[in-house]
Amino acid sequence: MKTLFLNEFLILAEQLNFSNAAKKLGINQSALSRHIKQLEEELNVPLFTRTTQKIELTSFGMAFLPHAIAITEHEKEFERTAEALRRDADHRISLGVVGFPAYYGITTLFADFKKQYPQAIIDVLMLSTDETLGQLQSGLLDAAFIHNTGTFEDDYTMIPYREDYLSVSLPHSHPLAAKKSVHLSELKDEVFFIRHKKGSTPWQLEVNELQNAGFTPKLSSSKGNWEDSVINRSGEVSLVKQGLADKLRGNVHIAVVDLEPRVHTDLYLIYPKERHLNAMVDAFVKFTAENRKGNLG
């Protein structure tokens, strides 16, 4: 049933005159007559009685009137809802964040962007690296802040955001704790607690870096969390990115020591190369590029 015909039925029921109704609808009288007849055939009942003098609603027409009103009102309500959703979609940005957004100034970036684009709706998901990549590929995320592991360049457009690199956290009593920097090879006899899920992209990055330093790392067998293994037990070491390392400096339980040479895990805003960005996402990408923190590379 065409809702267009329902609207014509309602106008005709209001005017009870084909000529006046057709004029109000902006169509010719024969088209209106044809549409009403099609509606009556579809319903299999007469909606109007017609004489040379006038037309009137039949009992079927009177019974159908509230249903026609309800259907057209529902259609109008849906159109309003759909339009609101379209506006939201045009203004919505779905972003993934790996790690600690506040540590890298990302939450401030969001706030500053909202000041410039108050209509923007930013949905933020904190996910693991592998979860983020999966949701980027499936289209659930428009873009994501992610630490580069050297494996994204072929498939993603990468917007530099902030320099980042690994340091090592050590027990305060460790002989190397007082040093300004260490080489990874100096840690070959240590037990490493890797904070990431075994086999994940960042886990593999850290293991590869340790292997590149000339040794196969001894990995913690602890089933506890990082704080238990590194801070409370004070017997294991861990590689940490600068966002977390900066928060740990001055901790009474551990020392944070820089690595030389630096192992970069710089932070980028990325999105699939083939992805078409809507205007709001494109504005956020450009805003991020203009407000990046520090010199990456």
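Numbers here simply count residues along the sequence, with the first being 1.
- A donor-acceptor contact closer than 3.5 angstrom links the side chains of Asn28 and Ser30.
- Of the inter-residue distances, the one linking Leu269 atom CG with Thr157 atom OG1 reads 10.0 Å to the nearest 0.5 angstrom.
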- Please report the C-alpha distance between Lys188 and Glu190 in whole Å, then the side-chain angles of each, then the deciding distance to 0.1 Å, and finally whether the salt bridge (charged side-chain N to carboxylate O under 4.0 Å, His left out) criterion is met. CA-CA 6 Å; Lys188 65 182 187 320; Glu190 304 299 329; over 6 Å; no
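- Side-chain heavy atoms closer than 4.5 Å link hydrophobic residues (I, L, V, M, F, W, Y) into clusters, and following such links, possibly through other members, connects Val285 to Val124.
- Using a 4.5 Å heavy-atom cutoff, the side chains of Val168 and Leu176 are not in contact.
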- Item | Stepwise side-chain contact (heavy atoms from CB on, under 4.5 Å) test for Leu184 and Leu259 | CA-CA 7 Å; Leu184 278 175; Leu259 294 177; 3.9 Å; yes
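- With rounding to the nearest 0.5 angstrom, the CZ atom of Phe60 is 15.0 Å from the CG atom of Leu65.
- In the model, Asp164 has a side-chain atom that pairs as donor or acceptor with a side-chain atom of Tyr104 under 3.5 Å.
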Pair up each side-chain donor or acceptor in residues 107-116 with any protein partner under 3.5 Å, not counting sequence neighbours, and list the distances.
unit_1, atom_1, unit_2, atom_2, d
Lys114, NZ, Pro118, O, 3.4
Lys114, NZ, Ala120, O, 2.5

Side-chain atoms of residues 210-219: list all donor-acceptor pairs with protein atoms under 3.5 Å, sequence neighbours left out, distances to 0.1 Å.
unit_1, atom_1, unit_2, atom_2, d
Asn212, ND2, Asn208, O, 3.2
Lys218, NZ, Asp189, O, 3.1

- Query: Can you check salt bridge (charged side-chain N to carboxylate O under 4.0 Å, His left out) on Glu40 and Arg50, steps first, answer last?
  - Reply: CA-CA 13 Å; Glu40 290 176 322; Arg50 302 161 177 85; 3.1 Å; yes
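- A distance-only check finds a donor-acceptor pair linking the side chain of Thr58 to the backbone of Pro46 [under 3.5 Å].
- Between Asp123 and Arg92 a salt bridge is recorded (basic side-chain N to carboxylate O distance below 4.0 Å).
- With sequence neighbours excluded, no residue forms a ring-ring contact (aromatic ring centres under 6.0 Å, His included) with Tyr271.
- Under a hydrophobic-cluster definition in which Ile, Leu, Val, Met, Phe, Trp and Tyr are linked whenever side-chain heavy atoms come within less than 4.5 Å, directly or via other members, Ile194 and Val263 are assigned to the same cluster.
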- Message: Go through it in stages, so that I can follow the logic: the residues are Tyr161 and Phe145, the test is ring-ring contact (aromatic ring centres under 6.0 Å, His included), and I'd like the CA-CA distance, side-chain angles, deciding distance and then a yes or no.
- Response: CA-CA 8 Å; Tyr161 176 65; Phe145 287 94; 5.3 Å; yes
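- His74 NE2: 12 or fewer foreign heavy atoms inside a 6.0 Å radius.
- Looking only at side-chain heavy atoms (C-beta outward), Leu166 and Lys241 come within less than 4.5 Å of each other.
- Within the 4.5 Å cutoff, the side chain of Val237 has no heavy atoms near those of the Phe193 side chain.
- Side-chain contact, Thr201 with Gln204: no donor N or O sits under 3.5 Å from an acceptor N or O.
- For the atom pair OG of Ser167 and CD of Gln242, the computed distance is 3.5 Å after rounding to the nearest 0.5 Å.
- Put simply, CG on Leu32 and CD on Gln15 are 10.5 Å apart, with the number rounded to the nearest 0.5 Å.
- For the pair Met158/Asn148, a side-chain contact is recorded, criterion being any heavy-atom separation below 4.5 Å from C-beta on.
- For the atom pair CG of Leu25 and CG of Leu12, the computed distance is 8.5 Å after rounding to the nearest 0.5 Å.
- For the residue pair His196 / Glu206, a side-chain donor-acceptor distance below 3.5 Å is found, with atom types taken as modelled.
- For the residue pair Glu8 / His35, a side-chain donor-acceptor distance below 3.5 Å is found, with atom types taken as modelled.
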Under 3.5 Å, sequence neighbours excluded: what are the donor-acceptor pairs made by side chains of residues 134-143?
unit_1, atom_1, unit_2, atom_2, d
Gln137, NE2, Tyr156, OH, 2.9
Ser138, OG, Gly134, O, 3.4
Ser138, OG, Gln135, O, 3.2
Asp142, OD2, Ser94, N, 2.8

- Message: Could you walk me through whether Leu170 and Ile254 satisfy the side-chain contact (heavy atoms from CB on, under 4.5 Å) test, starting with their C-alpha distance in whole Å, then the side-chain angles of each, then the deciding distance to 0.1 Å, before giving a yes or no?
- Response: CA-CA 5 Å; Leu170 303 159; Ile254 61 174; over 6 Å; no
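- Closest of all the heavy-atom pairs between Tyr103 and Leu244 is CD1-N, 3.7 Å.
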- Message: Applying salt bridge (charged side-chain N to carboxylate O under 4.0 Å, His left out) to Lys198 and Asp130, what does each step give before you reach the verdict?
- Response: CA-CA 12 Å; Lys198 184 175 181 180; Asp130 296 316; over 6 Å; no
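- Rounded to the nearest 0.5 Å, atoms OG1 (Thr72) and NE2 (His67) are 12.5 Å apart.
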- Is there a side-chain contact (heavy atoms from CB on, under 4.5 Å) between Lys179 and Glu186 once you walk through the steps? CA-CA 12 Å; Lys179 295 190 68 171; Glu186 297 178 72; 3.1 Å; yes
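- Of all heavy-atom pairs between Val257 and Ala177, the closest is CG2-O, 3.8 Å.
- Between Phe287 and Tyr117, the ring centre distance reaches or exceeds 6.0 Å.
- Proximity of a side-chain donor or acceptor of Thr288 to a complementary backbone N or O of Phe284 within less than 3.5 Å is detected.
- Residue Met126 places its CE atom among more than 12 non-hydrogen atoms of other residues, nucleotides or ligands, all under 6.0 Å distant.
- Using a 4.5 Å heavy-atom cutoff, the side chains of Ile146 and Leu267 are not in contact.
- Between Arg34 and Gln38 the shortest side-chain heavy-atom distance falls below 4.5 Å.
- Linking ILVMFWY residues whenever their side-chain heavy atoms come closer than 4.5 Å, directly or via other members, leaves Val207 and Val191 in distinct clusters.
- A 4.5 Å side-chain heavy-atom check between Leu187 and Phe192 finds at least one atom pair inside the cut-off.
- Sorted by first then second residue, the salt bridge (Lys or Arg N to Asp or Glu O under 4.0 Å) pairs that include residues 12-27, not counting sequence neighbours, are Glu14-Lys24.
- Taking all atoms of both residues into account, the shortest heavy-atom contact from Arg249 to Val256 is NH1-O, 3.3 Å.
- One N or O on the side chain of Thr132 and one on the backbone of Ser128 form a donor-acceptor pair closer than 3.5 Å.
- The shortest side-chain heavy-atom distance between Phe48 and Ile36 falls under the 4.5 Å cut-off.
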- Query: Glu163 and His264: side-chain contact (heavy atoms from CB on, under 4.5 Å), yes or no, with the steps?
  - Reply: CA-CA 8 Å; Glu163 184 180 45; His264 277 267; 3.1 Å; yes
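- Geometric assessment of Arg262 against the ring of Tyr165 yields a positive cation-pi assignment under the 6.0 Å and 45° thresholds.
- Evaluation of the salt bridge (Lys or Arg N to Asp or Glu O under 4.0 Å) test over residues 268-289, restricted to residues two or more places apart or in two chains, returns Asp282-Lys286.
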